[in-house]
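The structure under discussion appears below in the form of C-alpha cells.
All heavy atoms count here, side chains included; hydrogens, waters and symmetry mates do not. For ligands, and for the atoms within them, numbers begin at 1 and follow the listed sequence.
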Amino acid sequence: MTEIPDVPPNVVDAVHRRWGPAGYVWSLRVTGELQELCSRYKARPIQVLPARYSFVVAADTPSHSLILRSSPDPAAPAQARVSDALSRLGIAPRIHEIVTTDTSLWIVMNRVLPGTPLRSVSASHAPLDDFLAPLQAMRGKPAPITNMPSIHEWLFYRLNDNMLTDLPPGQQQAPEAQRRQAVKILDQLSTGRIDGLCHGDVTPSNIIADEEGRLWLIDPRGMSGEVSYDVATLALKLAAHERHEANKIAVLLGKKLGLDADRIQAWIRVASAARV
Ligand SMILES: Nc1ncnc2c1ncn2[C@@H]1O[C@H](COP(=O)(O)OP(=O)(O)O)[C@@H](O)[C@H]1O
Ligand SMILES: [Mg+2]
C-alpha cells in the first residue's frame, strides 16, 4: 500500500451513527490529515487495521514502524492523556506525538509487532501471569488529569440508560432488575472509591502482544478509576462474560496483585450488568 488509504466503510458508518455531524465532518477530513502526517513523517502507509470507531493505519518511516490513529471521539483528548501515562509506565506503546485538529485527535505511536490482539490467540488460554505486570504498574498511580470523568459516573449512567445503544457486538441491554441491583452495588463501591489511573477498557482487542509475548495496553477509556475494575473487566472478557468463570479468574489475579477479592467481584457484577 503506497497510496493514502480511505477510512473503511464500517468505521464511517459507525462514526456517523455515534457522533452525527461531527463524525461526518471527521470522515470527510481525515484522509487529508493522514496525507499531511505521512508526508511530515516520511511515512508510507502499510495497512489499515480493523477498528470500530477510529482510523488506525500502520505506516513505516525510514526509522520506525508506526501506528497513526485518528479518533473523532470527544473523549479522545482524555484518552490520549491516559495513553501517555501508560506509555510512560512502559505498558503502552511509545507515543511520538499527539496532534489535535478541528475534527480529530491523532496519536502517532510505535507499532507493536506482530501486535496480535489477544482475541485471535484464544484469550482464555493466555497465561494469567502475563497480565500481572501491566496491572501492577497502574496500581496506586494518580489519574493524569484531576477531575477527569470517572468510571463510577460512566457506569452509573450506563446502568440507568434504558435506551443504551453503545453495546458490545452481539449483546443486549441487561434486564432492569439486574441493572437496579448493580446500581446498589456501585453505590457500595463508593466507600473506598479510588479515582486513580486505570485503563478502563481492558478487553482482549485492546491488549496486543509483541514478539517476546510481552503484553501492551492500547485504547484506554480515558477515565479515572481503579485497577480492581480493570481486573474485573479483564476477567469478564477472558471468561466470555460467563460470570462464574470470571470470578475464578478474578480471584486468581486479585490474589497475586494483593487486591480485595470481594471488591473485584462486586465490580464484575456491575460491569456485567452495564454490558461494558
Ligand atoms: N500501537 C499499536 N501497535 C500495533 N497494533 C495496534 C496499535 N494500536 C492499534 N493497533 C491495532 O489496531 C486495532 C484497533 O485499535 P484501537 O486503538 O483499539 O481502536 P478501536 O477504537 O477500534 O478499538 C487494535 O486491536 C490493534 O490490532
Ligand atoms: Mg480498541
Any idea which of Pro117, Ala92, Ala51 brings a heavy atom closest to atom 27 (O) of ligand 1? Pro117
Check: of Arg52, Arg69, Gln47, min heavy-atom distance to atom 21 (O) of ligand 1 comes from Arg69
Those residues at least two apart in sequence (or on a different chain) that pass side chain to side chain donor-acceptor pair (under 3.5 Å) with Trp216 are Asp210
If you measure from the Lys or Arg side-chain nitrogens to the Asp or Glu carboxylate oxygens, is any gap between Arg111 and Asp60 under 4.0 Å? no
Show the atoms of ligand 1 that are less than 4.0 angstrom away from any heavy atom in [X].
X      : result
Ile208 : 2 (C), 3 (N), 4 (C), 5 (N), 6 (C), 7 (C)
Pro93  : 1 (N)
Val56  : 9 (C), 12 (O), 15 (O)
Val112 : 2 (C), 3 (N), 4 (C)
Ile218 : 8 (N), 9 (C), 10 (N), 18 (O), 24 (C), 26 (C)
Asn206 : 18 (O)
Pro50  : 13 (C), 14 (C)
Met109 : 1 (N), 8 (N)

Show the nearest heavy-atom pair for residues [X] and [Y], with the distance to one decimal.
X      : Y      : result
Ser71  : Trp26  : C-NE1, 3.8 Å
Ser54  : Ser70  : CB-O, 3.3 Å
Ala182 : Val270 : O-CG2, 3.7 Å
Thr31  : Pro5   : CG2-O, 3.6 Å

Here the ring-ring contact (aromatic ring centres under 6.0 Å, His included) pairs for residues 63-82, sequence neighbours left out, are His64-His96
Any pair counted as ring-ring contact (aromatic ring centres under 6.0 Å, His included), so long as it reaches residues 243-276, sequence neighbours left out: His152-Trp267, Tyr229-Trp267
Could you tell me whether ligand 1 has any atom less than 4.0 Å away from a heavy atom of Leu113? no
Out of curiosity, is Ser71 lining ligand 1, as in a heavy atom under 4.0 Å away? no
Polar atom proximity, Arg111 to ligand 1 (N or O, under 3.5 Å): no
Can you establish whether the number of heavy atoms outside Arg269 located under 6.0 Å from its atom CZ is more than 12? no
Output yes when a side-chain donor or acceptor of Thr233 lies under 3.5 Å from a complementary backbone atom of Asp230, and no otherwise. yes
Near the Mg ion (ligand 2), which protein N/O/S atoms fall under 2.8 Å? Asn206 OD1, Asp219 OD2
Interatomic spacing from CE in Met148 to CG in Asp195 - rounded to 0.5 Å: 10.0 Å
Ring-face cation of Arg18 near Tyr53 (centre distance under 6.0 Å, axis angle within 45°): yes
